[in-house]
Colleague: 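This is the structure I have questions about; it appears just below.
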Amino acid sequence: MSEGLSETFVLPFVLPFDGPLDLPSTLASGQCFRWRVDDSGAWTGVVGRDIVRLARTPDGVAIESAPTPPAELAEHMVAYLRLDDDLPAIQERIGADERMREGIDRYPGLRLLRQEPWETLAAFILSSTSNIPRIARTVELIADTFGERLTLGGTTRNTFPTPEALAEAGEERLRALGCGFRAPYLAQAAAAVADGTLPLDELRGARYADVLAALTALHGVGDKIADCAMLFSLERLEAFPADRWVRRVLVDWYGLPPNVSYEGTRTWAQERFGSDAGYANQYLFWNVRQASRKRVA
DNA sequence: TAATAACCTCGCAA
DNA sequence: ATTGCGAGGTTAT
C-alpha cells in the first residue's frame, strides 16, 4: 500500500465498442433529460439506481459509476445505449430517400436509448406543452425532492423516485415543484403503476396496439406521449412520436397535408419505415431541432 | 369526425 | 429589467 501509485488513481473501465456512437447527440437529443456534460466532454447522469459518468474513447466508452462498479454495470450500459442495435444496417434501410440520408450523415452516431419505463413515462407526461430545459429542470427537482441520494466522486445526484414515492407525494406537492397542470396526471400515473393497474414491465415487448391502449388509458397520456414511452423504454421501435417539429418536417419535406392527423403520420411512417420508424423519427427530430437552433444562434 | 380553447409555469427573446 | 410570447400535448366542449 505504500508504493508510488496511490489508490486514488483508478484506471477507467472501458467498455469496448467500435461502432457509431455520438454521445452528445444521443444524450442531448430530447429522449432523456438527466445527462449533463462537463468541460472535459464527459457525461454524467443517473441510470436506474446508479450515477454514471460516460466518455467516448478511441476503443469504446469509458465508464465510472456508483454504487454499482463499472465492470458490473457494463452489460446494462450496452442495453441502455442500445449498442446491440446494428445501426449501420438500420441506417441503410431507412436512408433510401435523400432527406433521410442527409439527416443520418449529419449525425451518424445518434442512437435511440433503452430507458427505464416508469421514469420515461413520467418525464414525457411532464413534456406536454413544455420545452426541454424546463422538463429537465422539473425532472431533476422531482428527483432531488423524492429520490434517493447517489454520489460519484464529488458529484451528487438523486435517483428518479419510484412510482410508490410519487403516488405518496401526491398532486399538490408535485404542483409545488412546478409541474403545473401535469401534476394530477403524474400523480395518477404513479398510482396506476404502483398499484399494478398499469403493469409497465409486462408491457415491454407486448403488441404495439395493446401497449398504446394501456398507456393512453391514463389521463394526460395521449398518442404522442405514449409513443415516446413506447419508443424510448418499451421496446416498440415502430413507434413514431410525431410532435410539432416532426410534423413540420413531414409536411415540408415529404408533402404530407398540413392538417394530417396524428394517426395519418403514424400510418405514413410505419408503412414507409416499418419497425425502423422510431429511428427515422429520431433522425428527423434531431435534425430539425438542430437546424432551428442554429438559425436562432 | 373535426376544430378550438383552456390548462400551469417557465425559459427565452425583445 | 420587466413584459410577453410560446412551448416536443391532452382534454373537454
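Just so you know, these numbers use all the heavy atoms, side chains as well, and skip hydrogens, waters and symmetry mates. Chain letters run A, B, ... following the sequence lines, proteins first and then strands; every chain starts at 1.
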Colleague: Does A:Arg248 make a cation-pi contact with A:Trp245 (under 6.0 Å, within 45 degrees of the axis)?
Modeller: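 Yes, A:Arg248 lies over the aromatic ring of A:Trp245.
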Colleague: In whole angstroms, how far is the P atom of C:dG8 from the CZ atom of A:Phe33?
Modeller: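 Interatomic distance, CZ of A:Phe33 to P of C:dG8: 10 Å.
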Colleague: Give me the distance, rounded to whole Å, that separates C:dT11 from B:dC10 when you measure between the P atoms they each carry.
Modeller: 23 Å
Colleague: For residues A:Leu237 and A:Ile90, determine if any side-chain heavy atom of one lies less than 4.5 Å from a side-chain heavy atom of the other.
Modeller: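 The answer is no; the side chains never approach within 4.5 Å.
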Colleague: What's the closest nucleotide to the A:His219 side chain, out of C:dA12, C:dG9, B:dT9?
Modeller: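 Shortest atom-to-atom distance from the side chain points to C:dA12.
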Colleague: Assign A:Ile132 to base, sugar-phosphate, or nothing according to its heavy-atom contacts below 4.0 angstrom with the strands shown.
Modeller: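 Base contact - A:Ile132 has a heavy atom under 4.0 Å of at least one base atom.
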Colleague: Answer with base, sugar-phosphate or nothing: what part of the nucleic acid does A:Leu174 contact at a heavy-atom distance below 4.0 Å?
Modeller: nothing
Colleague: To the nearest 0.5 angstrom, please state how far the OG atom of A:Ser261 sits from the CG atom of A:Leu256.
Modeller: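 Rounded to the nearest 0.5 Å, the OG-CG separation comes to 9.5 Å.
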Colleague: Runs of at least three consecutive Watson-Crick or G-U pairs, both distances under 3.5 Å, are what I'm after; which ones involve DNA chain B?
Modeller: B:3-7 with C:9-13, B:9-14 with C:2-7
Colleague: For A:Tyr279, give me all partners under ring pair (Phe, Tyr, Trp, His ring centres under 6.0 Å), at least two apart in sequence or on another chain.
Modeller: none
Colleague: Looking only at atom C1', what distance separates B:dA5 and C:dG6, rounded to whole Å?
Modeller: 15 Å
Colleague: Between C1' on B:dT9 and OH on A:Tyr185, what's the gap in Å once rounded to a whole number?
Modeller: 15 Å
Colleague: Judged by modelled atom types alone, do A:Arg266 and A:Tyr208 share a side-chain donor-acceptor pair under 3.5 Å?
Modeller: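 The criterion, which ignores hydrogens and geometry beyond distance, is satisfied for A:Tyr208 and A:Arg266.
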Colleague: Between the base of C:dG9 and the side chain of A:Ser128, is one N or O donor paired with an acceptor at under 3.5 angstrom?
Modeller: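 Checked by distance alone, the answer is yes.
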Colleague: Quickly work out the A:Ile225 CD1 to C:dG8 C1' distance and round it to whole Å.
Modeller: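 After rounding, the gap between these two atoms is 9 Å.
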Colleague: Would you kindly compare A:Arg137 and A:Phe181 by the position of their nearest DNA chain B nucleotide and give the one closer to the 5′ end?
Modeller: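 Nearest nucleotide further toward 5': that of A:Phe181.
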Colleague: Can you identify which nucleotide, out of B:dC12, B:dC8, C:dG8, has its nearest atom closest to the A:Pro133 side chain?
Modeller: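 Shortest atom-to-atom distance from the side chain points to B:dC12.
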Colleague: Does either side chain, that of A:Tyr80 or that of A:Glu116, offer a donor lying less than 3.5 Å from an acceptor on the other one?
Modeller: no
Colleague: Please classify the nucleic acid contact of A:Val246 as base, sugar-phosphate, or nothing, using heavy-atom distances under 4.0 Å.
Modeller: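 No contact.
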Colleague: Give a yes or no on whether the ring-centroid distance for A:Phe33 and A:Phe124 is below 6.0 angstrom.
Modeller: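 So the answer is yes for these two rings.
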Colleague: Rounded to whole angstrom units, what separation is found between the CG atom of A:Asn131 and the P atom of B:dG11?
Modeller: 8 Å
Colleague: Rounded to whole Å, how long is the line connecting atom OH of A:Tyr283 with atom C1' of C:dG8?
Modeller: 19 Å
Colleague: Please report, rounded to the nearest Å, how far the P atom of B:dT1 is from the CD atom of A:Glu263.
Modeller: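 It is 12 Å, rounded to the nearest whole Å.
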Colleague: Can you find an N or O donor on one side and an acceptor on the other, under 3.5 Å apart, linking the side chain of A:Arg182 with the base of B:dC7?
Modeller: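 No, the side chain and the base share no sub-3.5 Å donor-acceptor pair.
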Colleague: If you pin A:Asp243 and A:Thr216 to their nearest nucleotides in DNA chain C, which one's is more 5'?
Modeller: A:Asp243
Colleague: What is the separation between atom CH2 on A:Trp245 and atom P on C:dG6, rounded to the nearest whole Å?
Modeller: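 To the nearest whole Å, that distance equals 13 Å.
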Colleague: Does any donor-acceptor pair link the side chain of A:Arg134 with the base of B:dC8 at a separation under 3.5 Å?
Modeller: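 Counting by modelled atom types and ignoring angles, a donor-acceptor contact under 3.5 Å is found here.
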Colleague: Start with the C-alpha distance between A:Thr57 and A:Asp59, add both sets of side-chain angles, then the distance that settles side-chain hydrogen bond (donor to acceptor under 3.5 Å, both in side chains), and finish with yes or no.
Modeller: CA-CA 5 Å; A:Thr57 76; A:Asp59 298 330; 5.2 Å; no
Colleague: Specify the separation, in whole Å, of atom OH of A:Tyr262 and atom P of C:dT11.
Modeller: 13 Å
